[in-house]
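One structure is given below, encoded as structure tokens.
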Amino acid sequence: MRLATWNVNSLTARMPRVVGWIEEHQPDILCLQETKLADGAFPVGEFADLGYEAAHHGDGRWNGVAIVSRVGVEDPVAGFSSPEDDYGCRIVAATCGGIRVHSVYVPNGRSPDHEQYGFKLVWLARLASFLTEHYRPGDDLAVCGDFNIAPDDRDVWDPAAFEGATHVTDPERRALGVLLEWGLEDVYRRHHADGGVFSWWDYRAGDFHQGRGMRIDLVLLTESLARRSQSVLIDRNARKGKKPSDHAPVLVELGPAG
DNA sequence: ATGGTGGCCCGGCCA
């Protein structure tokens with residue numbers, strides 16, 4: 001079972017690359033963020049042609065999240081408990097191949113003194129309460145997406161460059177820590193202890209080619225799934241070439257249950 | 001260099 005997540009920064013702009021990436025890597029489940037589409041504009045047919053069903057939650061120009069799956073899309077839920085209650089189309093859930101999957105797009109926060117930073121912390125607290133209300137740590141649960149948080153200093157190209165910046169502050173990291181303490185695991189770290197591996201690079205100033213990035217796209221799994229993980233790949237090749245997203249996809253290979 | 005690019009969709013916001 002292959003589970004992946006990718007912030008595509010507009011699905012319309014990225015569809016050719018998304019199709020190509022699916023054909024190359026054959027994910028069973030792919031979480032998408034920043035589709036920037038209304039539900040009615042989601043390319044259901046193009047994914048169906050590839051053998052995938054989808055659950056999408058978007059209202060147009062901003063945000064928008066989706067799960068595409070070739071192992072089923074059961075019991076889709078948009079928002080935390082209704083499509084209106086997640087502050088802008090930032091979470092969608094569905095059961096795919098026996099796994100309860102969530103595609104999340106955590107607010108950026110902009111800067112620690114901006115009101116959006118407070119909103120980011122509120123949103124993360126709501127995510128935590130949503131998970132603890134609906135699930136138990138023993139469930140087969142995947143929370144995948146763009147967290148806009150670098151879990152620790154290995155996950156930024158230069159910690160000194162992020163002094164006073166969002167994505168690395170203690171409150172943000174503690175908010176992520178709440179999810180981890182509850183029973184989720186940043187599964188990349190089960191397989192890789194190295195720093196300097198990133199999933200996002202600013203488009204500007206040649207940051208990708210200069211190696212100036214952050215690892216902010218995460219696959220969080222409960223223990224029952226994390227122990228099935230055989231490999232975790234951040235596909236930086238997908239950040240190369242013409243019209244890339246500013247994010248690279250993360251791909252997790254899961255072995256059979258039991 | 002307090003800049004830069006890219007997406008939305010055409011002036012300005014958002015990342």
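Computed from heavy atoms alone, side chains included, the values below leave out hydrogens, waters and symmetry copies. By convention in this document, chain letters (A, B, ...) are assigned in the order of the sequence lines, proteins followed by strands, and residues within each chain are numbered from 1.
Closest to the side chain of A:Arg61, out of B:dC8, B:dC14, B:dT5, is B:dC8.
Between the P atoms of B:dG3 and B:dC13, the separation comes to 15 Å (whole Å). B:dC14 and B:dC9 have their P atoms separated by 15 Å, with the value rounded to a whole Å. B:dG12 sits 23 Å from B:dT2 when the P atoms are compared, rounded to a whole Å. B:dG6 and B:dA1 are spaced 23 Å apart, taking the P atom of each and rounding to whole Å.
Seen from the ring of A:Tyr135, A:Arg100 does not count as a face-on cation partner, given the 6.0 Å and 45° thresholds.
Side chains of A:Tyr203 and A:Asn9 form a contact here, defined as non-hydrogen atoms less than 4.5 Å apart. Using a 4.5 Å heavy-atom cutoff, the side chains of A:Val65 and A:Leu32 are not in contact.
Using a 4.0 Å heavy-atom distance criterion, A:Arg212 is classed as making no nucleic acid contact. Using a 4.0 Å heavy-atom distance criterion, A:Tyr105 is classed as a sugar-phosphate-only contact.
Summarising the geometry, the separation between CG on A:Leu37 and C1' on B:dC9 is reported as 14 Å, rounded to the nearest angstrom. Computed from coordinates, the A:Asn63 CG to B:dC14 P distance equals 11 Å when rounded to whole Å. Counting to the nearest Å, the P atom of B:dT5 and the OH atom of A:Tyr203 are 13 Å from each other. The interatomic distance linking A:Trp201 (CH2) with B:dG4 (C1') rounds to 18 Å, in whole Å. One can place CD of A:Glu34 at 16 Å from P of B:dG6, the figure rounded to the nearest angstrom. Atoms OH (A:Tyr87) and P (B:dC14) sit 19 Å apart, rounded to a whole Å. Counting to the nearest Å, the C1' atom of B:dC14 and the CD atom of A:Gln116 are 10 Å from each other. In this entry the distance linking CH2 of A:Trp62 with P of B:dG12 reads 14 Å, nearest Å.
In the hydrophobic clustering, where aliphatic and aromatic side chains (Ile, Leu, Val, Met, Phe, Trp, Tyr) are joined below 4.5 Å either directly or transitively, A:Ile216 groups with A:Val156, A:Trp157, A:Phe162, A:Val168, A:Phe198, A:Trp200, A:Trp201, A:Phe208, A:Met214.
The phosphate of B:dG7 (OP1 or OP2) has a side-chain N or O of A:Arg14 nearer than 4.0 angstrom. At B:dA15, none of the side-chain N or O atoms of A:Lys36 fall inside 4.0 Å of OP1 or OP2 (strictly under the cut-off).
If you run side chain to side chain contact (heavy atoms under 4.5 Å, CB included) between A:Leu254 and each of A:Arg2, A:Gln230, A:Arg228, only A:Arg228 comes through.
Each of A:Arg204 and A:His247 lies near DNA chain B, and the nucleotide nearest A:Arg204 is the one positioned closer to the 5' end.
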